[in-house]
Every structure is written in structure tokens, then in C-alpha cells.
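What follows is one structure encoded as C-alpha cells, with my remarks underneath.
Predicted, not measured: the structure shown is a model, and the values here were computed from it. For the numbers below, each heavy atom of this structure counts, side chains included, while hydrogens, waters and symmetry mates do not. In what follows, chains are A, B, ... by sequence order, proteins preceding strands, each numbered from 1.
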There are 2 protein chains.
Amino acid sequence: MVQTSARLLKVLSLLQSRRFWAGGDLARELGVTERSVRRDVDRLRSLGYPVHAAGGVGGGYQLGAGKELPPLPLEDEEAVAVAVGLRVAASGPVKGLEEAAVRALGKLEQVLPKRLRRRVNALQAVSVRIGDTAPRVDAEALAVIANACRDEEVLRFDYSSREGTASARSVEPYRLVHTSYRWYLLAYDLDREAWRTFRVDRIGPGPRSGRSFKPRPLPSEDVAAYVSQAVSTEAYRFRARVTVQAPASVVSERLSGVAGRIEELDAERCLVHAGGDSLEALAFYFAWLGFEFEVHEPRELIEHLLRLSERLARAAQR
Amino acid sequence: MVQTSARLLKVLSLLQSRRFWAGGDLARELGVTERSVRRDVDRLRSLGYPVHAAGGVGGGYQLGAGKELPPLPLEDEEAVAVAVGLRVAASGPVKGLEEAAVRALGKLEQVLPKRLRRRVNALQAVSVRIGDTAPRVDAEALAVIANACRDEEVLRFDYSSREGTASARSVEPYRLVHTSYRWYLLAYDLDREAWRTFRVDRIGPGPRSGRSFKPRPLPSEDVAAYVSQAVSTEAYRFRARVTVQAPASVVSERLSGVAGRIEELDAERCLVHAGGDSLEALAFYFAWLGFEFEVHEPRELIEHLLRLSERLARAAQR
DNA sequence: GGGTCGCGGACAGATTCGGTCCGCGATGAG
DNA sequence: CTCATCGCGGACCGAATCTGTCCGCGACCC
């Protein structure tokens, strides 16, 4: 009967909504005998979910941490929180998690009721962004693209090239790669009949996935290497060279997340090469460090720092 | 048989792992006839999960967005991403979502296999924090506390008072409230036999939940109001008064997340009252605005800005 | 010691399940 | 246009399963 399976799902969900459930309560909640509850619990156990039980007064069933993760039943609010959290995670505050976050986001968005999707989008707007060396990537677009890759569906979108000219693209998406704080899409461009690497932040709003395609062999075994090579010519608007009066290890910890590399000069100083598209972001990263530093280039950054310094000095006057 | 229910769960999970599944493929994957697959799909539909189907060549089944959210089957990596994302969300980058995020986190942590928990904790460390008016709250502690509230379990922890004296507490936890960038726990202190409001960031590491208790009536109907009144005497280390040369609406948008309130002076200026425990954070927030501003108090902030301004000026020299 | 609560065997009847067989209709490629 | 593909669902039947009932056991806590 469908009833049995539905009940099983319900038990699973009940057990996750409250730590302890007495057999009798569960039975009442589910509208079956206690014996059936015991059987359901057994079934869950045989499915690999560790349900602990405590005897005596105040005892009950409790879902524990097992080897595998049970499917997570979420309330509306919680789902929204998960979606928002994943969008943050996908935009990269924590290294090495972006791809997984995007995959999870794809799964979630696929089944997210419309009313919740609206809430997520509304909340998304107010997210606080730090420094922002990374251009803002639309997390929903990211999810759409990730799903298109997974499902092998042709993707259409508008793309603005580095020079700012826009063009409509129609591609077979293969991989979404996250490197040095940017998202890239490795895809086969159907109109140009060639492999291309797209910067996701340059993809226009609302990419649409369409009919499915038969995947062709990738241009390289090592996709990450291929992409990073393809984009190595990619330049930031500004490249900064800055000497910081602090040990390289300290700086690298505090600058985690900035695109760039750090050279140790001596025990107390290091040279930071950082790339960014915004002077504000670059200035803040270094100011935020809290150490003395010296900018060698670019000139624009030096000028920006001077202006900022003057503004702060004015703020402190009275 | 357990088989049927297990299969149903598996179908649900398969349908979320790939967009399109042909009936034959599903049948092979599950080890049953195609007819049975159709029946399973029917069952899912009757459980409220909208499974769309497309006929013809290249057709297949597809899980759509329904009224309710199906339980989310997560891979290991994805679960870690969700946990990290939720921890970020719980620490409050997006308004009004913190409580839900903590609830979801509680659910997740309850069933998170140990190996994944370690990963989450490891990753948590490197999370980038902005400005940080909010003291760092241990997300795992938050989850433990939330679960203790939900499960009505006595909670023990070390608490350092405002003056810095530590004491061991044993309380009945009732509500976790998030206001103005801080977490508070409303609880009944069993030793002092009185209601108390605890700042979660002052709770020592590893709060432990114990035996369950019978809840007593709350001291007030409106818990949020009660707590906010109870903590109204709570002072920040620094209180700043700053005039900003920008419309109040713009400022309030960019300062979202800072504890404080904004008074409109005229169309082009507003007065911001902000509280914070760190001069760096306060300076950062106002500098980050990008507008001209003037600090009226505190003196420390003015001095800090001067020092910062000089440091930036030095950085720009060469 | 007694009450509470989880455990699980046994049994019987009702229900359901899954495989098989089959014809229908929609879709999309050639 | 035609054909192959693929989802749909009715019918049938034997096997498997589920549920409620009854009951004794053991653990735990007051």
C-alpha cells in the first residue's frame, strides 16, 4: 500500500522534528497500532537509519547520526534558509565547497515551490558582500547552468564579451568550474562550432535550458587544467603589487579568498600580488589587514588610497 | 516488504540526482519491471510529489516543483555545503532567516555522520567574516542549544558575565532569540531559580544537554519583547554617532546588518547611531559606505580613523 | 516492587504487490 | 507521412506483505 511508504516517510520526518518520540505518541500521530510503529522503526533501521530507543519512563525513539545521511525533510522557512545559505556558500566564502554547494542548490531549486522561490530571491538581494573582488554571480543562474550540465541540456543565454559586445549564445554545457573566485562554464558553442570557456558573471540574466544533447568527448582529460589554461590570459582590471609589514602566513590567512599570490620577503614582510576589478575592493582588503603596507602599483590604487585617506581624515575632523 | 518503501525512497533520490530518467533505465537501476516503475511513479504522485513525464523519443520522468518540498537527499559533499551555508546564514547576513537557519542546522547536525561533522568544523574555521560587529557565535553550540529548546532538555554550560567572571550554569532552555545581531537564550536558571537571558556568544564551548524537563509557563506572552527589554540595558563597548552625506534610504540599505538606527536629517544627510564592540568594525562600516561622513562620537573612533587615515596615506606614498 | 515503555514472536485475514500481457496515444526523427 | 520510441494504465493472478491482536520479556526509574 502507498500508506506504508508514506507512513515511513512521515515517521522519518517526525523523528527529525523532535528528538524524542514515545511509541504511543507516534502511533496516535500516525493512526496505527503501537505494534505497527515498532515495525516501522524496524523498517527504518533495516534501511540504514539508526533509530535509538530508550526504555523506561520518559523513554522514546530518537533518530541518530548514522553512516549515511537520511533525506532531509525541511519546513518552508528552513528550505529558504538552506537556499540562501547555499547561495552564499556557492559564491565562495569557503574554499573547495563551491561546486558541491551549486550542485545542492540545483537539486533544491528543481523542487522548490514557487512561493518559496520568490522568498529566496527577495532575501537574496540584501545579502552582505565583502570586498567583492569577485563579481556578483547570480546564484539562480548558476543553479540553472549546473542543472543544464547535469541533465545535458542545450543552454541559451546572452553573453557580453570582454569588450562589452553582447551576443546570443547557444551551447552544450559540460562543466562548471570555480577558480580563483570566478565561475567559468566549459561548453561547446553550437554556432561557432568550437569549445569555449565562458565567465558566468558575464552571462546575461535568465539563461534557459532547452532540448537535450548527446555529450561529445571533452577537449581535455583534466578539465580544471584546461579551463585554467584557457582563462590564463584573462586579466583583471587592476593588478596590485603591495608590500605588507607582516609575516606571509598571517597575511595569507587573513586574505583567504582574494585572488592573488603571496611572496615572502623576510620574516616580517611579504609581497602580495592581487587582482581585482574594483579599486574599492582592493583598498579594503589591504586596509582591513590592519598592518602597515605600501602599494607599488597600480597608480590608480595609490590615488584611490589617498582619496580614501583624506575622506577618513575629514570624517575625523570636527 | 521493506523493498517497496526503500525503492520509493530510491526513486525519489534518483529523480533528484538527474533530471530525466527513462522508465527503462529506472527499471534497470531498481531491478524491477517497467510496469512497477510506473506504479512507483504513481505512488509518488499520490504522495504529492509532482512527477512530470514526457513521451516520445528522449522522454522520461522528471521531478517538478510541487506544493510541498520533498525530503532532500544529499550527497556527502552537498551536506557539508549545506551545513556551512546554514552556519553562515545563522550568523546573520540575511535578516529574518536566522531562526529558521538554526532550526534547520539542528535537524541536520542531529543526523550528520561524524566524518562529515569533522569536515564541516574544519571548513568553518576559514569562513571569511565581514566587519564583525557581531561577536562570533559558535554555530555548533547554537545548534545544540536549539535542539535542547526543541527537545526540552536541561542545558549545562559555562557562562562568563559581562564582568568576565565565569560560572557554571544549569538551565531549562526555552527560546533562542536573534536581535540586532546577537543571539540570546531565554532560559530558567535552575540554581538561581529565576528567569535569565543569556548571550550565546558568552556561553563557553560545548554546552551539553541532559535530561528532559517539563516546561513551565513563559514569563511573558511576547518572548521577543521580553528579551529585548531584558537586554535593553545591554551596552555595546562603543556607541557611535555619525552624520553621513547620503539619503537615509541608501544608507540603511548598505548598512543592513549593523546594529543601529538611522535618523533622516534632510534629503541628503542622515544621522546614524551605531553600536559595536570593535573600532575596526565601526570604522570599516562607515568607510565602506563610500560617502562623506563625520564622526561626532566616540572620541576613540575619531582617533582610530585618524590613525587609519595616516596608515593609508603612508601606504600610498613612495 | 511496581509502573512505564520498548521488544519481538506468533497468528490470521485482508490487502497489496509485482510480473505479464496488451492496446492506446503522444512525440519527434527521417 | 510514417515509424519507432516511450509513457499510460487496465486486467489478471499468485505470492508476499501488512496490520491488529495477544502476550511474555527485560530495562529503567521512582
Side-chain angles (χ1 to χ4, degrees), chain A residues 1-12 14-15 18-47 49-64 151-154 190 209-214, chain B residues 1-12 14-15 18-47 49-64 151-154 210-214:
Chain A
M1 171 104 109
V2 144
Q3 309 293 14
T4 312
S5 305
R7 213 178 50 233
L8 224 52
L9 279 173
K10 193 166 179 192
V11 173
L12 202 53
L14 286 175
L15 283 179
R18 203 218 284 180
R19 178 108 71 172
F20 275 108
W21 277 94
D25 292 350
L26 273 182
R28 225 162 300 121
E29 190 75 24
L30 300 167
V32 292
T33 330
E34 295 187 36
R35 184 67 184 89
S36 292
V37 170
R38 283 202 289 280
R39 277 194 267 251
D40 282 349
V41 169
D42 269 350
R43 278 191 263 269
L44 283 182
R45 285 182 184 140
S46 79
L47 289 180
Y49 304 121
V51 181
H52 306 290
V57 183
Y61 295 97
Q62 172 183 182
L63 188 58
D151 303 332
E152 298 167 351
E153 291 176 350
V154 169
L190 289 172
S209 63
R211 60 162 224 285
S212 64
F213 61 86
K214 232 195 301 294
Chain B
M1 170 103 109
V2 153
Q3 309 292 14
T4 311
S5 306
R7 212 177 52 234
L8 223 52
L9 280 172
K10 192 164 180 193
V11 172
L12 202 52
L14 286 175
L15 283 179
R18 204 218 284 181
R19 177 106 73 173
F20 275 108
W21 277 95
D25 292 349
L26 274 181
R28 225 161 302 121
E29 191 75 25
L30 300 166
V32 291
T33 330
E34 296 187 38
R35 184 67 185 87
S36 293
V37 170
R38 284 202 288 280
R39 278 194 265 249
D40 283 348
V41 169
D42 270 349
R43 280 190 262 266
L44 283 183
R45 285 185 184 136
S46 79
L47 289 181
Y49 305 122
V51 182
H52 305 224
V57 182
Y61 295 96
Q62 172 183 178
L63 188 59
D151 302 333
E152 297 167 351
E153 290 176 351
V154 169
R211 60 162 224 284
S212 64
F213 62 87
K214 233 196 299 294

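- For R45(A), the salt bridge (charged side-chain N to carboxylate O under 4.0 Å, His left out) test picks out D42(A), with sequence neighbours left out.
- Put simply, CZ on F20(A) is 11 Å from P on dC29(D), counting in whole angstrom units.
- Looking at L44(B) and L63(B), their side chains never come closer than 4.5 Å, going by heavy atoms from C-beta outward.
- In terms of heavy-atom proximity, W21(A) sits nearest to L14(A) at NE1-O, 2.8 Å.
- Taken from CZ in R43(A) to CG in L12(A), the straight-line distance is 13.5 Å, to the nearest 0.5 Å.
- Residues satisfying the salt bridge (charged side-chain N to carboxylate O under 4.0 Å, His left out) criterion with R7(B), sequence neighbours excluded, are D40(B).
- Spacing between atom CZ of R7(B) and atom C1' of dT16(C) amounts to 12 Å, rounded to whole angstrom units.
- Of the side-chain N and O atoms in S36(B), one or more sit less than 4.0 angstrom from OP1 or OP2 of dG19(C).
- Qualifying salt bridge (charged side-chain N to carboxylate O under 4.0 Å, His left out) partners for E153(B), counting only residues two or more places apart in sequence or in other chains: R19(A).
- Note: CD (Q62(B)) to C1' (dC6(D)) measures 15 Å, nearest angstrom.
- Shown for residues 23-34 of chain A: residues whose heavy atoms fall under 4.0 angstrom of DNA chain C, namely G23(A).
- The line from CG of L30(A) to OG of S36(A) is 9.5 Å long, rounded to the nearest 0.5 Å.
- Here the OG1-CG distance, from T4(B) to L8(B), works out to 8.5 Å after rounding to the nearest 0.5 Å.
- A distance of 10.0 Å separates CG of L26(B) from NZ of K10(B), quoted to the nearest 0.5 Å.
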Could you run down the sub-3.5 Å N/O contacts of the protein with nucleotides 7-11 of chain C?
unit_1 : atom_1 : unit_2 : atom_2 : d
dC7(C) : OP1    : R45(A) : NH2    : 3.2
dC7(C) : OP2    : Y61(A) : OH     : 2.5
dG8(C) : N7     : R38(A) : NE     : 2.9
dG8(C) : N7     : R38(A) : NH2    : 3.4
dG8(C) : O6     : R38(A) : NH2    : 2.4
dG9(C) : N7     : R35(A) : NH2    : 3.4
dG9(C) : O6     : R35(A) : NE     : 3.1

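- Rounding to the nearest 0.5 Å gives a distance of 8.0 Å between OG1 of T33(B) and CZ of R39(B).
- Overall bending of the helix from dG1(C)-dC30(D) to dG30(C)-dC1(D), expressed as the angle between end axes built from five pairs apiece, is 60° (10° steps).
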